[in-house]
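Have a look at the structure below before the remarks.
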Amino acid sequence: MTTAVADLFTLPVVELARALVGCRLLVDGVGGTIVETEAYHAGDPASHSFAGPRPRTAAMFGAAGHAYVYRSYGLHWCMNVVGGAETAAAVLLRAIEPTDGMERMAARRGLDDPRLLCAGPGRLCQALGITGALDGAPLDAAPFALLPRTAAPAIVTGSRIGITKAMDEPWRFAVPGSRFLSRPMRIGRPAGG
DNA sequence: CCGCTGATAATCT
DNA sequence: GATTATCAGCGGA
């Protein structure tokens, strides 16, 4: 038995977020390799689950291995992978390197540049066709496919984006130097100033 | 490259 | 009424 993605869901959510970088996500065969994630959990003031269960966040309090999809700023959809050892934990998918169904993604996004297809949580949901209809859907069944890594990628850590609380927690993970990130990763301070 | 700002709706005060 | 796990378009450097 090789390592299945499901085996990762019981890890602490910060480790799950790290482990999902390099995995592949497809929706109806469209998607690519996850290159940027962030971890959230119920003890984290920046998390949607911090205030306790709500109608919108029900999926985050539900079973691991399912999607938590919510609307952001009234306009965009954002997708999380529910899982982690903590209560109501999930990993926000922030960027994907598109590999499968490029034409479908370009059509949905109204763009040509592969760099901009999935570079951001709202963008990747638009490109893969993820909406609130998939909130709570299991990731091991159609239309989803969440596939394990074939090799361990290089990964760097940083602060999460777009939050106003717990801003210093280093719970953002990304492939260093990837051209498909939502925003560049802040590299370590230059040696010698 | 950078910063500013409007769009738009669920949630919270 | 304010805030929010965002994005695109714009203008200036």
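Please read all numbers here as calculations on a predicted model, not as lab measurements. Within every chain, numbering begins at 1; the chains are lettered A, B, ... in the order of the sequence lines, protein sequences first and strands thereafter.
We find that CE of A:Met167 is positioned 11 Å from P of C:dT4, with the value rounded to whole Å. Rounded to whole Å, the distance from CG on A:Asp113 to C1' on C:dC7 is 15 Å. Look at CG on A:Leu93: it is 16 Å from P on C:dA5, rounded to the nearest Å. Rounded to an integer number of Å, the gap from A:Arg54 CZ to B:dA9 C1' is 18 Å. Here C:dT4 presents its P atom at 16 Å from CG of A:Leu92, a figure rounded to the nearest Å. Rounded to whole Å, atom C1' of C:dT4 lies 7 Å from atom NE2 of A:His48. Atom CG of A:Leu111 is separated from atom C1' of C:dA8 by 10 Å (rounded to the nearest Å).
Judged by distance alone with a 3.5 Å cut-off, no donor-acceptor contact links the side chain of A:Tyr73 to the base of B:dA7.
Contact check, A:Arg109 against C:dC7: no side-chain N or O comes under 4.0 Å of OP1 or OP2. Contact annotation: A:His76 does not reach the phosphate of C:dC7 (side-chain N/O to OP1 or OP2, under 4.0 Å). Considering only side-chain N and O atoms, A:Arg94 lies under 4.0 angstrom from the phosphate OP1 or OP2 of C:dT6. Residue A:Thr164 has a polar side-chain atom (N or O) positioned under 4.0 Å from OP1 or OP2 of C:dT4. Between A:Arg123 and C:dA8, a side-chain N or O to OP1/OP2 separation shorter than 4.0 Å is present.
Ring-plane geometry between A:His48 and A:Tyr70 is classed as perpendicular, the angle between the planes exceeding 60 degrees on a 0 to 90 degree scale with a lower cut at 30.
Closest-nucleotide positions on DNA chain C for A:Ser182 and A:Lys165 were compared, and the one nearer the 5' end corresponds to A:Lys165.
The residue A:Met79 sits apart from the nucleic acid: no heavy atom pair falls under 4.0 Å. Heavy atoms of A:Ile163 sit under 4.0 angstrom from primed sugar atoms or phosphate atoms, though from no base atom.
In this structure, A:Tyr40 counts as stacked on the base of C:dA5 under the 5.5 Å centre distance and 30° plane angle limits.
In this structure, A:Asp100 pairs ionically with A:Arg24, as a charged nitrogen and a carboxylate oxygen lie closer than 4.0 Å.
Proximity of A:Phe144 to A:Asp28: side-chain heavy atoms (C-beta onward) are nowhere separated by under 4.5 Å.
Of all non-hydrogen atoms in A:Val35 and A:Phe180, the two that sit nearest each other are CG2-O, 4.0 Å.
Base pairing of C:dT6 is made with B:dA7, judged by Watson-Crick or G-U wobble geometry with both donor-acceptor distances under 3.5 Å.
No donor-acceptor pair closer than 3.5 Å links the side chain of A:Arg160 to the backbone N or O of A:Met167.
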